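Everything numeric here is computed off the predicted structure, so don't read it as measured data. All values below come from the heavy atoms of this structure, side chains included, with hydrogens, waters and symmetry mates left out.
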Amino acid sequence: MSLDATSVDLLRRLAPQLLATLVRRYGDFGRAEDAVQEALAAAVERWPLDGVPEQPSGWLHTVAARRYVDLVRSEAARTRRERTALDLTPRDALVAPPPDAEPSRDDLLELFLLCCHPALPAPAQLALTLRAVGGLTTAEVAAAFLLSERTMGQRISRAKQRLREAGARFAPPPTAERETRLAVVRQVLYLMFNEGYSASSGPQLRRADLTGQALRLTRRLHEQLPGDGETAGLLALMVLTEARAAARVGPDGELVPLAEQDRRRWDRTAIDEGRALVERSLTASPPGPYRIQAAIAAVHAEAPSTEATDWPQVLALYELLERIAPNPVVTLNRAVAVGMVHGPDAGLALLSEVESGPLAGHHRLHAVRAHLLERADDRAAAAAQWRAAADRAGSDPERRYLLRRAAAASDPSQRPCEPGHHRIR
């Protein structure tokens with residue numbers, strides 16, 4: 001037996017707060033994270049047989065606290081400080097609080113900032129936060145970094161050890177470090193949402209559990225930092241993107257690109273929320289990359305069709321984004337907008353800037369080139385590029401879509417369709 005989707009989602013929601021509680025109490029991130037993972041594994045094993053407990057948070061708390069104690073006791077080299085801390089732990093700390101107890105404090109922000117400690121290099125900060133706070137498996141984190149699962153597992157283990165050696169504490173960071181760490185936190189949430197919205201591999205196009213988790217965590221971060229413009233922009237970007245989710249997947253799980261979506265199925269309430277967030281965040285301070293991306297998403301959300309989209313505004317926003325946060329994928333997206341405003345040949349010329357960089361051979365580069373070639377009426381070359389993109393795509397639904405585009409480009413009776421929106425990694 002296995003857990004149903006609702007129970008899996010429940011575990012994802014409870015795990016970060018459980019980890020934060022253990023880290024705040026014991027101060028050892030590595031052992032606390034191991035204890036939480038063992039508690040989650042126990043839930044996966046027991047809940048299908050015994051049923052979900054009446055107090056699932058309390059059940060997990062009890063199991064994780066006992067696992068932590070077992071981990072400390074099993075290590076022959078534990079220090080006197082650890083033994084003393086364990087001896088001083090009240091017995092009632094090893095069991096769940098009663099249901100009528102005061103709600104536990106929200107330690108999410110402190111947990112995020114701990115994972116983004118300056119003792120860790122940026123890639124390790126991202127990996128550790130995705131694993132410990134985001135709830136991604138090691139394999140999912142590895143896919144986001146284009147690394148093997150074994151390599152990523154070693155990176156995460158080293159990161160936890162380095163936190164211990166650095167004496168990292170569960171407390172707000174110095175003011176000078178706060179914004180740097182927050183920038184990593186936002187990037188982690190962004191990567192988590194992207195992996196859920198367009199899975200890097202596997203049979204499904206999207207994973208609602210990951211997008212839901214990213215949205216929940218970003219909302220909570222925004223609640224704690226209501227005046228932070230970039231956090232508001234990130235939330236707006238997620239809300240506006242997720243508003244199109246129902247129209248983006250067909251009945252058989254196939255990808256439906258932006259140009260082919262039934263816009264009547266878009267969530268107008270979410271779009272209104274996202275637009276309001278964009279408007280408020282853009283007046284707070286000079287815009288950063290997430291606010292600009294959210295503004296681009298808002299332009300698409302406001303358009304009644306692809307043809308009626310304000311492409312000059314989209315292009316201007318991408319040009320601004322490229323100035324403040326240059327990235328090969330931003331250039332790739334700008335090429336689509338250039339092709340819509342100035343013609344496909346101009347877009348194709350721009351692609352030369354990214355052909356020899358990190359995107360060389362990436363399926364999205366081939367797909368954008370194929371789209372522009374179709375618009376230039378070079379259908380044979382477009383078909384070849386669609387096939388090359390399909391050969392390199394990671395997810396099955398995206399691969400099927402790209403093959404369908406290749407077949408359509410090879411059929412002279414088919415007209416090229418307008419572009420979809422290419423996500424920014």
Side-chain angles (χ1 to χ4, degrees), residues 122-123 126 142-148 187 190-191 194-195 197-201 255 257-259 289 292-293 296 300 306 309 311-312 314-410 416-425:
L126 283 169
F145 283 82
L146 303 179
L147 296 173
S148 70
Q187 188 178 4
Y190 183 56
L191 287 173
N194 267 348
E195 179 59 27
Y197 189 73
S198 186
S200 56
S201 62
L255 169 66
L258 182 63
I292 296 173
Q293 291 177 74
I296 294 170
H300 284 289
T306 302
T309 300
W311 286 104
V314 171
L315 176 57
L317 288 167
Y318 271 126
E319 289 172 344
L320 175 60
L321 179 61
E322 197 165 36
R323 284 198 297 272
I324 68 172
N327 181 296
V329 183
V330 175
T331 304
L332 191 66
N333 286 325
R334 182 163 69 90
V336 174
V338 166
M340 297 300 293
V341 175
H342 300 299
D345 290 339
L348 287 165
L350 182 57
L351 290 184
S352 62
E353 297 184 15
V354 296
E355 286 178 334
S356 59
L359 288 179
H362 196 280
H363 77 282
R364 295 187 184 279
L365 175 59
H366 288 287
V368 170
R369 185 182 290 114
H371 155 69
L372 293 169
L373 286 167
E374 273 194 4
R375 287 184 54 80
D377 207 28
D378 190 348
R379 300 177 68 79
Q385 289 297 310
W386 286 124
R387 285 192 291 270
D391 289 342
R392 293 163 173 79
S395 74
D396 296 340
E398 194 164 14
R399 186 180 302 110
R400 291 195 298 270
Y401 164 74
L402 294 166
L403 289 173
R404 178 168 65 83
R405 291 298 299 267
S410 301
C417 69
E418 298 300 326
H421 180 67
H422 299 272
R423 68 173 180 164
I424 300 177
R425 285 269 184 187

Report summary line: In this structure, CD of Glu319 is separated from CD1 of Ile324 (nearest 0.5 Å) by 13.0 Å

Query raised in the report: Do you know which two heavy atoms are closest between Asp345 and Ala376, and how far apart they sit?
Result: OD1-CB, 4.3 Å

Query raised in the report: Mind checking whether Leu255 and Arg400 have side chains closer than 4.5 Å, heavy atoms only?
Result: no

Query raised in the report: From Leu372 CG over to Leu348 CG, what is the distance, rounded to the nearest 0.5 angstrom?
Result: 4.5 Å

Query raised in the report: After noting the C-alpha distance and the side-chain angles of Gln293 and Tyr190, does the key distance pass the side-chain hydrogen bond (donor to acceptor under 3.5 Å, both in side chains) rule?
Result: CA-CA 11 Å; Gln293 291 177 74; Tyr190 183 56; 2.6 Å; yes

Query raised in the report: Rounded to the nearest 0.5 Å, what separation is found between the CG atom of Leu315 and the CG atom of Asn333?
Result: 11.5 Å

Requested in this report: Take Arg364 and Val329 through the side chain to side chain contact (heavy atoms under 4.5 Å, CB included) test and state the conclusion after the steps.
Outcome: CA-CA 9 Å; Arg364 295 187 184 279; Val329 183; 5.7 Å; no

**Report entry** For Ala335 against Leu351, the heavy-atom pair lying closest together
**Finding:** CB-CD2, 3.6 Å

Query raised in the report: Considering only heavy atoms from C-beta outward, does the side chain of Trp386 approach that of Leu403 to under 4.5 Å?
Result: no

Report task. Kindly compute the distance separating OG1 (Thr309) from CE (Met340), expressed to the nearest 0.5 Å. Result -> 7.5 Å

**Report entry** Side-chain touch Leu402/His363, heavy atoms, less than 4.5 angstrom
**Finding:** yes

Query raised in the report: Is any side-chain heavy atom of Arg387 less than 4.5 Å from a side-chain heavy atom of His366?
Result: no

Requested in this report: Over all heavy atoms of both residues, which pair between Pro312 and Val341 is shortest? Give the atoms and the distance, please.
Outcome: N-CG2, 3.7 Å

Query raised in the report: Taking 4.0 angstrom as the limit, do Arg392 and Glu398 come out as a salt bridge?
Result: no

Query raised in the report: Is the ring centre of Trp311 less than 6.0 Å from the ring centre of His300?
Result: yes

Query raised in the report: Is there a donor-acceptor pair under 3.5 Å between the side chain of Arg399 and the backbone N or O of Ala393?
Result: yes

Report task. Work out which heavy atom in Ala325 is nearest to a heavy atom in Pro289; give both atom names and the distance. Result -> CB-CB, 4.0 Å

Report summary line: Between Leu359 and Leu365, the two heavy atoms sitting closest are O-CD2, 3.5 Å

Report summary line: The reported gap from CD in Glu355 to CG in Leu350 (rounded to nearest 0.5 angstrom) is 10.0 Å

Query raised in the report: Do side-chain atoms of Ser198 reach the backbone of Asn194 as a donor and acceptor pair under 3.5 angstrom?
Result: no

**Report entry** NZ/NE/NH1/NH2 to OD/OE distance under 4.0 Å, Glu374 and Arg379
**Finding:** no

